[in-house]
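First comes the structure, then the notes that go with it.
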Amino acid sequence: MTILEHKPETAQKSDTAIFSHLESEVRSYSRGWPTVFEKASGSWLRSEDGKDYLDFFAGAGALNYGHNNPVLKSALVDYIMGDGITHGLDMHTVAKRKLLETFESHVLAPRGLDYKVQFPGPTGTNAVEAALKLARKVTGRESIINFTNAFHGMTLGALSVTGNSMKRAGAGIPLVHATPMPFDNYFNGVTEDFQWFSRVLDDAGSGLNRPAAVIVETVQGEGGVNVARPEWLRALADLCRERDILLIVDDVQMGCGRTGPFFSFEIAGITPDIVTLSKSIGGYGMPLALTLFKRELDVWGPGEHNGTFRGNNPAFVTATAALEHYWADDKLQRDTLRKGERIRQTFMNLSDMFDGVSTRGRGLVQGLVFENPDDAQKVCSLAFGEGLLAETSGPSDEVVKLLPPLTITDDELEFGLNILAEATAKVRS
Ligand code: PMP
């Protein structure tokens with residue numbers, strides 16, 4: 001279509017012409033969900049032609065508290081209507097003070113964590129870049145250990161520690177100073193996981209430069225819902241401590257309660273040196289990211305890492321409201337584990353019933369794994385037809401990954417699981 005052929009003023013409902021005409025081919029989610037969304041509330045989105053979709057993806061984990069959550073919305077609306085600061089660079093503001101106080105009282109103090117908080121820029125990849133830069137500055141070393149099937153973001157530093165070959169190729173230059181090691185269960189439990197890692201660290205002939213840091217996800221979301229066992233995480237933390245290597249946990253997708261506890265590493269009882277948070281920390285789907293690090297690692301000079309959009313004050317307000325409302329007690333955590341167990345039961349039944357189907361997950365990130373990646377795609381597209389948004393993940397997109405809002409009701413969960421069960425039965429029988 002040429003520019004003359006496209007007449008925006010005549011756009012009809014469900015008209016997607018402007019997207020294919022003007023928006024880059026890089027768009028992706030819109031291909032699996034070919035409709036035009038207009039409104040959203042809780043666990044539901046509505047397209048402009050009036051069809052409702054249950055959201056089992058929750059903004060890739062950015063909407064743990066659902067769409068347009070009323071508690072967060074009213075805090076946001078009050079703030080905007082009261083002419084609160086919107087754009088604040090890294091100036092002191094009332095909204096930022098409240099967020100820091102609440103983060104300390106509701107998240108850090110109850111867990112005995114003495115972290116400093118950096119606002120690295122609005123996205124997850126910003127938080128990862130800051131973490132890598134800081135680890136290199138603190139240690140004076142260059143290389144980073146990452147893991148097979150890791151995902152840490154799209155900017156060059158974060159991409160260098162990301163596994164996916166298609167995404168890496170997008171860099172267009174060599175991605176250097178990162179060495180991948182096998183994630184937990186990479187060899188299906190056949191080989192002792194740390195044999196290779198500890199051996200090359202200690203072998204002066206291994207060719208591995210002494211790393212500044214190890215960066216790890218406790219559950220690899222994009223990489224296919226690969227779950228690290230608590231004992232594996234503990235062994236990794238021990239290895240890092242013994243060898244004076246910093247441990248970075250990237251909690252961008254699995255933090256903010258996705259796996260149950262606020263931080264996904266709590267299950268292992270470890271204290272990472274550096275932690276990245278984004279996605280649901282803003283609460284309302286508002287861009288916000290934090291890089292947390294042990295107090296003694298705060299070697300930044302003023303302005304050494306900066307960014308125009310580090311002071312998204314409306315996001316500070318919704319983040320504060322989310323922490324106050326959902327993290328004053330352990331109700332959300334308990335509900336998350338209960339609902340996760342409900343999904344796991346359904347997925348276990350499906351894997352018992354059908355060959356070539358298995359399951360793995362933790363809390364409200366659960367994967368239905370298909371031996372044949374085409375089947376996972378088919379299940380998601382059948383589900384879309386029935387009004388359910390679910391996405392695939394994994395190196396071959398072989399995993400149907402469930403990330404519903406943590407606030408989803410039991411009935412909604414049941415409704416979506418029925419759709420997925422029927423879609424799986426259709427595809428596998
Ligand atoms: N780290 C992890 C673990 C992620 O899952 C993601 C996003 N999927 C990122 C970093 C990058 O976050 P963003 O897309 O906000 O840059």
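Numbering of ligands and ligand atoms starts at 1, following listing order.
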For a ring pair (Phe, Tyr, Trp, His ring centres under 6.0 Å) with Tyr53, tell me which candidate from Trp44, Phe415, Trp33, Phe384 qualifies. Phe384
Would the number of heavy atoms belonging to other residues, nucleotides or ligands and lying under 6.0 Å from NZ of Lys51 be above 12? yes
Hey, are [X] and [Y] close enough for a salt bridge, meaning a charged N less than 4.0 Å from a carboxylate O?
X: Asp374; Y: Lys378; result: no
X: Glu304; Y: Lys137; result: yes
X: Asp244; Y: Arg141; result: yes

Salt bridge (Lys or Arg N to Asp or Glu O under 4.0 Å) partner of Asp410, chosen from Arg338, Lys339, Arg342: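 The single option meeting the salt bridge (Lys or Arg N to Asp or Glu O under 4.0 Å) with Asp410 is Arg338.
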Ligand-residue contact atoms, ligand 1 with [X], heavy atoms, under 4.0 Å:
X: Gln253; answer: 5 (O), 8 (N)
X: Thr123; answer: 15 (O), 16 (O)
X: Glu222; answer: 8 (N)
X: Asp250; answer: 1 (N), 2 (C), 3 (C), 10 (C)

For [atom], what is the closest protein heavy atom, and at what distance to 0.1 Å?
atom: atom 16 (O) of ligand 1; answer: Thr125 N, 2.9 Å
atom: atom 4 (C) of ligand 1; answer: Phe151 CD2, 3.7 Å
atom: atom 13 (P) of ligand 1; answer: Gly124 N, 3.5 Å
atom: atom 10 (C) of ligand 1; answer: His152 O, 3.2 Å

Taking both backbone and side-chain atoms of Glu217, is any N or O found less than 3.5 Å from an N or O belonging to ligand 1? no
Would Val128 count as a polar contact of ligand 1, with the cut-off being nitrogen or oxygen pairs under 3.5 Å? no
Below a 4.0 angstrom heavy-atom separation, can you tell me which part of [X], side chain or backbone, both or neither, approaches ligand 1?
X: Val252; value: side chain
X: Lys279; value: side chain
X: Met154; value: neither

Would you kindly say whether Thr123 and Asn126 are connected by a side-chain donor-acceptor distance under 3.5 Å? yes
Has the side chain of Thr125 got a donor or acceptor atom that lies under 3.5 Å from a matching backbone atom of Met154? yes
Under 4.0 angstrom from atom 8 (N) of ligand 1, is there any protein heavy atom?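 Within 4.0 Å: yes, protein heavy atom nearby.
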Determine, step by step, whether Phe37 and Tyr29 satisfy the ring-ring contact (aromatic ring centres under 6.0 Å, His included) criterion, reporting the C-alpha distance in whole Å, the side-chain angles of both residues, the deciding distance to 0.1 Å, and the verdict. CA-CA 12 Å; Phe37 295 101; Tyr29 295 118; over 10 Å; no
